[in-house]
There are 2 protein chains.
Amino acid sequence: MTGDAMAAEHDSGEAGGGHETVDGRKLRGQRRRAQIIEATLEIVRRDGAAGVTHRTVAKEAGITTSLTLYYFATLDDLLVAALTSVTDDYTSRIRQLIDHEDDPLAGLAELIAESGGPGRERALAERELSTLAARRPALRPIARRWRDNVAELGRTQTDDPDTIEGFVALSDGLCTAILLNDREADPGHIEAVLSKALLRSSE
Amino acid sequence: MTGDAMAAEHDSGEAGGGHETVDGRKLRGQRRRAQIIEATLEIVRRDGAAGVTHRTVAKEAGITTSLTLYYFATLDDLLVAALTSVTDDYTSRIRQLIDHEDDPLAGLAELIAESGGPGRERALAERELSTLAARRPALRPIARRWRDNVAELGRTQTDDPDTIEGFVALSDGLCTAILLNDREADPGHIEAVLSKALLRSSE
DNA sequence: GAATTTATTGGACGATGGTACTAATAGTTC
DNA sequence: GAACTATTAGTACCATCGTCCAATAAATTC
């Protein structure tokens, strides 16, 4: 078990092995952090946030329990880090849609539709973590980042604030709807509903 | 502590004491169930679903732990019952809007806006329980009932299926947005956003 | 290559959890 | 009031959890 972890730790080539000792050390630490966060997310995906304990995370990562504690003093820190990570991930994808895509709306629709298929567990994890955020004011800004980015994506289509607000809420709500449905979601249909919501701005 | 529970158990007048012995017994059981569910919800409201244990529920209800186990063999049963109860509650309020209100849309907007104020904890509890449902297919129909009723409310305003779908998702998303915001929600504004979403049907 | 810092380990402690078990207490039926 | 069932109460068992601690290994510095 630990063998796998060590292998994973060492196989990704370390760029340069010269005199950047300090950076090298820091990097290792950062990698461990990332590894632990990833293990945490895997558990959230599989069993939900309730399944996250120091022990389960450690087991998932193939390290000892004390080590997770070494990097994240409390379980809370770990969950916060995980929420932040997953949010960063998602927002960067949306950011990419805004900056590098001809039709960001279609891209968003696809992203949303994924919640019904391959991205289901990830979407569940996000929802769970954002629910966590709803209870802790300190976390809300992080959770809101997703919404802010969706809003910015919406702003490429219209300027009306109310429409934008509705657009974000709609995107979020569609995601929830998909999670509560058993069938897969049709990206085309999602896009249709989304763009319909934007039509109002042209009135 | 148990004294309070006993008092609460006995003070609500028991209608008829004649020969309906069996019914009387059943009724008491039902009342206990309801009491335990209510205690559960109180904990979900206050501390989140993670805070629900046989012991905390029993303490909240002022009864012994074994009793909660007597009525709900497993914690899961308890959470399921709580989810069902809270959903029934909410749907019945929406039902009332549809059947007895001149302006159901305004009523819904008010209901949604409550999530930012006095109904915040209740809304949090609902979200938490519905998140639970997303992970258990068996629970999804229960969680979907709210959506079905909102859809029916929407159907009093338009017939377009896509618009209805968007309307439900929007209602849900607005609720989430309010939960992630720190400020209170303005019912009038919510209603405006909602009715804007319905405008499309008249195109 | 010794000293120092950082990373990692294994194990322990006290607290809490789910659940089972048993005895007592109503309440009902005959 | 005896026999029986439904209900309540107390408690005990075992697993797990968060967290701590002392010791070790590895890396880094001088």
Side-chain angles (χ1 to χ4, degrees), chain A residues 1-10 14 16-36 39-40 43 47-81, chain B residues 1-10 14 16-36 39-40 43 47-81:
Chain A
M1 282 192 185
T2 50
D4 293 347
M6 292 310 277
E9 180 71 4
H10 285 265
E14 183 136 24
H19 48 74
E20 46 180 307
T21 56
V22 179
D23 287 350
R25 194 166 60 222
K26 264 195 179 173
L27 194 67
R28 272 211 345 179
Q30 290 294 81
R31 244 199 327 234
R32 261 284 134 82
R33 274 184 71 91
Q35 182 197 7
I36 293 174
T40 305
I43 292 180
D47 308 319
V52 174
T53 73
H54 277 130
R55 284 174 172 84
T56 56
V57 169
K59 191 172 189 177
E60 177 72 30
I63 56 180
T64 56
T65 304
S66 344
L67 196 51
T68 70
L69 206 73
Y70 178 76
Y71 283 96
F72 301 92
T74 152
L75 251 197
D76 228 58
D77 294 343
L78 190 50
L79 283 171
V80 169
Chain B
M1 283 192 186
T2 50
D4 293 346
M6 294 309 278
E9 179 70 6
H10 285 266
E14 183 136 22
H19 49 73
E20 49 180 304
T21 56
V22 178
D23 287 350
R25 195 166 56 218
K26 265 194 180 175
L27 193 67
R28 271 204 350 171
Q30 289 295 80
R31 240 190 341 224
R32 261 283 134 84
R33 273 184 73 90
Q35 182 198 8
I36 293 174
T40 304
I43 292 181
D47 307 321
V52 173
T53 75
H54 278 130
R55 285 175 170 86
T56 55
V57 169
K59 190 172 190 176
E60 176 71 31
I63 57 181
T64 58
T65 305
S66 5
L67 195 49
T68 70
L69 207 74
Y70 180 77
Y71 281 96
F72 301 92
T74 153
L75 251 197
D76 226 60
D77 293 344
L78 189 50
L79 283 172
V80 169

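Heavy-atom basis, side chains included; hydrogens, waters and symmetry copies ignored. Proteins come first, then strands; the chains are lettered A, B, ... in the order of their sequence lines, and each starts at number 1.
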Measure from [atom1] on [X] to [atom2] on [N] and round the result to the nearest Å.
X        : N       : atom1 : atom2 : value
Tyr71(A) : dT6(C)  : OH    : P     : 12 Å
Tyr70(B) : dA20(C) : OH    : P     : 15 Å
Gln35(B) : dT7(D)  : CD    : C1'   : 13 Å
Lys59(B) : dT8(D)  : NZ    : P     : 20 Å

What residues form a salt bridge (Lys or Arg N to Asp or Glu O under 4.0 Å) with Asp47(A), not counting sequence neighbours?
none
Sequence neighbours excluded, which residues qualify as salt bridge (Lys or Arg N to Asp or Glu O under 4.0 Å) partners of Asp76(A)?
Arg136(A)
Do you know the tightest heavy-atom contact between Ala39(A) and Val57(A)?
CB-O, 3.9 Å
For the residue pair Gln35(B) and Ala61(B), what are the closest heavy atoms and their distance?
NE2-O, 3.1 Å
As an exercise, state the distance from CZ of Phe72(A) to CG of Leu79(A), rounded to the nearest 0.5 Å.
10.0 Å
About how many Å separate CZ of Arg33(A) and OH of Tyr70(A), when rounded to the nearest 0.5 Å?
11.5 Å
Axis-to-axis angle across the helix from dG1(C)-dC30(D) to dC30(C)-dG1(D), five pairs an end, to 10 degrees?
10°
For nucleotides 15-19 of chain D, print each protein N/O atom paired with a nucleotide N/O atom at under 3.5 Å, atom names and distance only.
{"residue": "dG18(D)", "atom": "OP2", "partner": "His54(A)", "partner atom": "N", "Å": "3.1"}
{"residue": "dG18(D)", "atom": "N7", "partner": "Arg55(A)", "partner atom": "NH1", "Å": "2.7"}
{"residue": "dG18(D)", "atom": "O6", "partner": "Arg55(A)", "partner atom": "NH2", "Å": "2.9"}

Note: for Leu67(B) and Ser66(A) on DNA chain D, the residue whose nearest nucleotide lies more 5' is Leu67(B)
Do Thr64(B) side-chain and dG10(D) base share a donor-acceptor contact under 3.5 Å?
no
Phosphate contact (dA6(D) OP1 or OP2) by Arg32(B) side-chain N/O below 4.0 Å:
no
Test side-chain contact (heavy atoms from CB on, under 4.5 Å) applied to Ser66(A) - qualifying residues, sequence neighbours left out
Thr64(A)
Just to verify, what does Ala58(B) make a side-chain contact (heavy atoms from CB on, under 4.5 Å) with, not counting sequence neighbours?
Ile63(B), Thr65(B), Thr68(B)
